Amino acid sequence: MKIINLVPFILLHSLIFSSEEVSFTLKSEFSNASNSHISNLHKRSRHAEQPIFVIEDSQDYCSQVFYPSPLCGRVDNCWQNAFEKAKKVVEKMSIPEKVNLTTGTGWGSGPCVGNTGSVPRLGIPNLCLQDGPNGVRFTDFVTHFPSGLATACTFNKGLSYLRGKAIGREHRKKGVHIALGPVIGPMGLKAQGGRNWESFGADPYLQGVLGAATVEGMQDEGVVATARHLIGNEQEHFRQVGEWDENGWEKLECSISSNIGDRAMHEIYLWPFANVIKAGVGSVMCAYNKVNNTYACENSYLLNFLLKSELAFQGFVVSDWGAQHSGVGSALAGLDMTMPGEVYDDWLTGKSFWGPLLTRAVYNGTVSQERLNDMVIRILMPFFAIDQVKLPTDEDIPNFSSWTRHTYGQLYPYQHSGPICQKNWHIDSRSDFSENTALTVAKESIVLLKNTYRHLPIDKSDGVRRLLIAGQGAGPDPEGFNCKDQRCVGGVLTSGWGSAAVNNPYVITPYEAIAKKARERGIVVDYTSNNWDLENANDLADYADMSIVFVNAFSGEGYIHFDDNYGDRKNLSLWHNGDELISKIADRCHKTVVVVTSTGPINMEKWIENENVVAVLFVAPLGQVVGQAIADVLFGDSNPSAKLPFTIAKKKQHYVSVVDELGENWEPQDNFDRDIYPDYRFFDKHNIKPRYEFGFGLSYTNFKVTNLKITEISPPSEFLPYPQEYLPIQKMVEDDVCDAEDALFPHDEFEPSPGFIYPYLYNENIRSVDDDDTFEYPKGFDPDQHSSPPLNAGGLGGNPALWEILYEVSAEVKNTGTMKGGYVSQLYIEFPSTIVSSPPKVLRGFEKVFLEPGKSCKIFFNIMHRDLSIWDSESQQWIIQTGTYKIYLSSSSRKVELCGEIDIGC
């Protein structure tokens with residue numbers, strides 16, 4: 001195979017500057033104290049134990065291998081005390097007890113969507129894993145929080161922490177031990193991607209910062225957070241074999257392969273995972289798709305090297321539900337827990353890649369006890385490492401069932417098996433804190449895209465005496481607010497569909513909230529919810545002083561589809577005749593306001609330049625308070641302060657398309673050809689003018705930014721210092737594996753339940769333990785642990801030097817308008833192209849402040865070593881290039897308010 005360097009061509013680009021551009025220059029020399037013996041970047045050797053990223057040719061991606069799975073507890077100052085505590089617990093366990101914690105008990109075989117086995121002898125109950133990122137799934141009396149995408153629109157780190165804290169608190173009150181959130185993948189590479197609404201936008205820096213804040217909030221409330229999905233899960237089409245048997249897709253032989261270049265892997269897709277690991281996330285979920293033609297959950301390069309070696313992740317890796325495709329192979333590749341336990345699409349059969357088969361593999365020596373011990377220690381370590389998280393006892397169990405809403409039911413409702421017992425205690429986990437947090441996030445997430453002649457906020461004194469509210473998106477779905485998995489799409493959008501959906505305790509619809517405020521102001525209200533009765537809409541619009549048109553577009557997880565939208569959207573058009581409804585109403589009403597509620601970008605070109613469309617709002621899924629938040633913004637009770645976390649293009653071809661063809665041998669390939677240029681980076685690189693750029697959003701007031709100052713905190717170093725050597729391996733007392741009869745199923749103690757996965761051996765398993773048939777280990781497998789970490793490793797989230805602050809940037813923001821409001825200042829950096837070329841600019845900071853009219857305040861940004869670094873594929877390291885770094889303080893990715901420079905010399 002040929003090794004190639006993934007270096008893009010030199011870029012030509014342009015920036016749009018405001019009239020108040022200010023230049024500030026800071027010169028800096030490299031600090032080479034730790035690398036004085038290095039005179040040339042490319043003379044620096046690759047770390048001896050680091051794998052090489054290989055590609056056979058530009059179209060044939062092949063993932064490298066890396067073995068063995070690194071043992072936890074060997075990185076100094078990384079959860080050392082937790083390791084010692086977890087190790088002592090694991091040393092007391094038998095092999096079946098250890099296996100029991102690694103393997104899910106089966107879909108429906110427990111109260112939660114995922115349940116591990118238990119260790120009753122040590123007082124450890126079945127661990128409960130429950131969705132999710134927007135609230136507690138499959139239960140009642142919980143808050144349906146605004147989505148991850150809505151949270152990204154706020155550009156508010158502190159509010160993201162509070163949202164995570166509120167979500168974590170409700171999970172904990174429901175008895176959940178491990179919450180399946182936040183979502184920091186997909187990266188929003190594809191505008192039509194079905195699950196873009198779950199994550200934090202289309203920029204790795206934004207995803208990383210908000211993901212880390214969410215993790216901290218959740219875990220501060222005593223629940224282990226799970227960052228998902230690692231990695232490249234950018235579309236729903238072909239994520240799993242057998243998910244659909246239409247359109248010829250039944251021929252699918254394997255999941256789609258997300259083919260990602262080395263530099264893009266580090267600078268884009270892995271970037272936010274470094275943030276959440278640095279923040280102490282306890283768990284990471286591997287994705288359904290393949291990564292460079294190896295399934296993510298058995299990709300040793302991804303799990304063993306990138307995640308556990310480079311990023312020094314000390315927690316456990318859990319599979320997405322049914323994403324495991326091998327037994328021994330996935331264990332050796334770094335998977336620590338399989339969920340929900342069964343083989344995909346064989347639910348309720350008890351068939352598992354692990355369970356008794358993993359027990360057998362340990363007894364016959366195919367999987368070492370060292371590896372099994374590490375899996376279990378990793379599962380337990382977060383419960384000792386995170387201050388507010390405690391290892392649950394028999395009393396800390398879920399008080400709900402995911403499978404029935406009834407108070408009483410069978411022990412296993414999904415299997416219709418077992419005695420009648422209490423299943424739900426209907427604990428109300430809500431609080432004023434969670435309600436207020438949800439509403440605050442919702443109001444701060446509404447993006448004002450257009451406000452011609454300042455027709456918003458609505459004011460009766462401006463001639464708005466009769467108001468028309470139009471569109472089915474303003475009212476309730478005829479099927480209700482809680483269709484299964486939120487798959488109802490006939491009314492107001494509160495959520496996408498799938499595993500991130502949450503039952504609404506109530507929904508305040510836009511019509512309800514707007515009509516209430518209008519009545520309080522003496523404004524007459526008309527309403528039509530029929531998107532196809534355009535004649536009636538025209539008649540009502542004729543009489544209206546202002547029309548508010550609600551349109552939407554839905555998407556969700558891949559197992560659900562509507563009108564040929566198989567999770568992913570089939571196009572970027574509005575649903576339910578939305579474009580036509582807007583155009584017809586705007587033809588009759590000179591003040592037409594469009595409210596787009598959507599799971600991602602939509603094409604606005606059919607109506608956006610209509611002179612009668614005077615205002616446009618973009619609203620991501622907001623959960624239960626959607627109507628109240630929109631009404632508060634429309635009437636000026638809340639000043640919009642949100643920013644777009646993605647780019648809205650003028651043409652569909654400017655987006656990356658969803659792969660919907662099976663390809664050669666029915667093994668679909670998704671080459672990430674945008675490389676390090678997703679979203680705004682692509683538009684900037686090719687000087688394409690979007691309809692609305694990343695980071696764009698208007699306000700009802702005005703702000704001015706002045707007094708840029710750049711201060712050096714620590715001189716930059718061209719290279720990272722080598723990390724400390726791994727700590728010595730701590731040997732554990734191993735079980736005597738000579739007598740496999742110790743692991744036999746205890747038939748005399750209980751009868752097996754249908755579909756329940758146990759760790760025990762049966763007689764036929766024992767007979768096969770000593771069989772001569774040998775396991776063929778993966779190519780490149782080596783059981784010997786490494787003594788040295790990779791160059792880029794050494795601490796949680798990577799080499800500790802990457803997280804050192806090198807520069808502080810400050811400025812002053814003043815509210816020069818007449819209304820209190822929030823302002824998001826965005827810091828972008830333009831890199832030199834001394835070694836390799838980079839995007840014209842990349843987001844490397846954001847701060848949000850709220851100011852009364854006439855008031856001002858200072859804002860500060862910290863630029864870390866990693867913020868100035870690029871990944872050099874040839875030398876396999878993070879480097880800081882010499883040259884001039886331009887610093888832009890901006891109100892969007894294309895509107896620069898202040899400009900400065902940092903000159904880094906040799």
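Only a predicted model underlies this, so the values are computations on that prediction, with no experimental measurement involved.
By the 4.5 Å heavy-atom criterion applied to side chains, Ile377 and Met732 are counted as neighbours. Looking only at side-chain heavy atoms (C-beta outward), Gln730 and Phe83 come within less than 4.5 Å of each other. Taking 4.5 Å as the limit, some side-chain heavy atom of Pro778 sits within range of a side-chain heavy atom of Tyr67. No side-chain heavy atom of Ser255 sits under 4.5 Å from any side-chain heavy atom of Arg239. Contact check for His237 versus Trp249: side-chain heavy atoms found under the 4.5 Å cut-off. At a threshold of 4.5 Å between non-hydrogen side-chain atoms, the residues Arg360 and Val328 do not count as touching. Two residues are said to be in side-chain contact when any heavy atoms from C-beta on lie closer than 4.5 Å; Gln235 and Arg195 fail this criterion.
Ion pair Arg371/Asp336 flagged as a salt bridge, since at least one NZ, NE, NH1 or NH2 atom sits closer than 4.0 Å to an Asp/Glu carboxylate oxygen. With salt bridges taken as basic N to acidic carboxylate O contacts below 4.0 Å, none links Glu91 and Lys88.
Looking at Cys286, Ser319, Ser326 one by one, the single match for side chain to side chain contact (heavy atoms under 4.5 Å, CB included) with Glu298 turns out to be Ser326. The only option from Asp660, Asp568, Asp670 that meets the salt bridge (charged side-chain N to carboxylate O under 4.0 Å, His left out) definition with Lys190 turns out to be Asp670. Between Val291 and the options Asn259, Ile231, Asn233, a side chain to side chain contact (heavy atoms under 4.5 Å, CB included) holds for only Ile231. With Tyr566 as reference, Trp244 is the one residue of Trp244, Tyr559, Phe238 to meet the ring-ring contact (aromatic ring centres under 6.0 Å, His included) rule.
The minimum heavy-atom distance linking Trp321 with Val113 is given by the pair NE1-O, 2.8 Å. Residues Ser330 and Gln324 come closest through the heavy atom pair OG-NE2, 3.0 Å. Between Trp354 and Thr103, the closest heavy-atom pair is CB-OG1, 3.5 Å. Taking every heavy atom of both residues into account, Asn364 and Ala361 meet most closely at OD1-O, 2.8 Å. Here the closest heavy-atom approach between residue Val223 and residue Val389 is recorded as N-CG2, 3.8 Å.
For an aromatic pair to be called close, the ring centres must be under 6.0 Å apart, and Tyr414 with Tyr412 fails this. Two rings, from Tyr269 and Phe672, have their centers less than 6.0 Å apart.
Asn134 and Glu198 are not linked by any side-chain donor-acceptor pair at a separation below 3.5 angstrom, with hydrogens and angles left out of the test.
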Taking it one step at a time, do His786 and Phe66 satisfy ring pair (Phe, Tyr, Trp, His ring centres under 6.0 Å)? CA-CA 11 Å; His786 299 283; Phe66 186 86; 4.9 Å; yes
side-chain contact (heavy atoms from CB on, under 4.5 Å) between Phe316 and Ser283, intermediate numbers included: CA-CA 5 Å; Phe316 65 94; Ser283 174; 3.3 Å; yes
Full working for salt bridge (Lys or Arg N to Asp or Glu O under 4.0 Å) between Asp131 and Arg228: CA-CA 11 Å; Asp131 295 303; Arg228 52 197 268 205; 3.0 Å; yes
Determine whether Trp403 and Trp107 satisfy the following criterion, ring pair (Phe, Tyr, Trp, His ring centres under 6.0 Å), listing intermediate values before the conclusion. CA-CA 10 Å; Trp403 318 110; Trp107 184 246; 4.8 Å; yes
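Tyr295 carries Lys290 over the face of its six-membered ring, with the cationic atom under 6.0 Å from the centre and within 45° of the normal.
Using a 30° and 60° split on the angle between ring planes, Tyr758 and Tyr760 fall in the parallel class, below 30°. The aromatic rings of Tyr777 and Phe781 sit parallel, their planes meeting at an angle under 30°, below the 60° perpendicular limit.
The neighbour count for Glu664 CD, taken as heavy atoms of other residues, nucleotides or ligands under 6.0 Å away, does not exceed 12.
The CG atom of Asn792 sits 5.0 Å away from the CD atom of Glu310 when rounded to the nearest 0.5 Å. For the atom pair CD of Gln64 and OG of Ser300, the computed distance is 8.0 Å after rounding to the nearest 0.5 Å.
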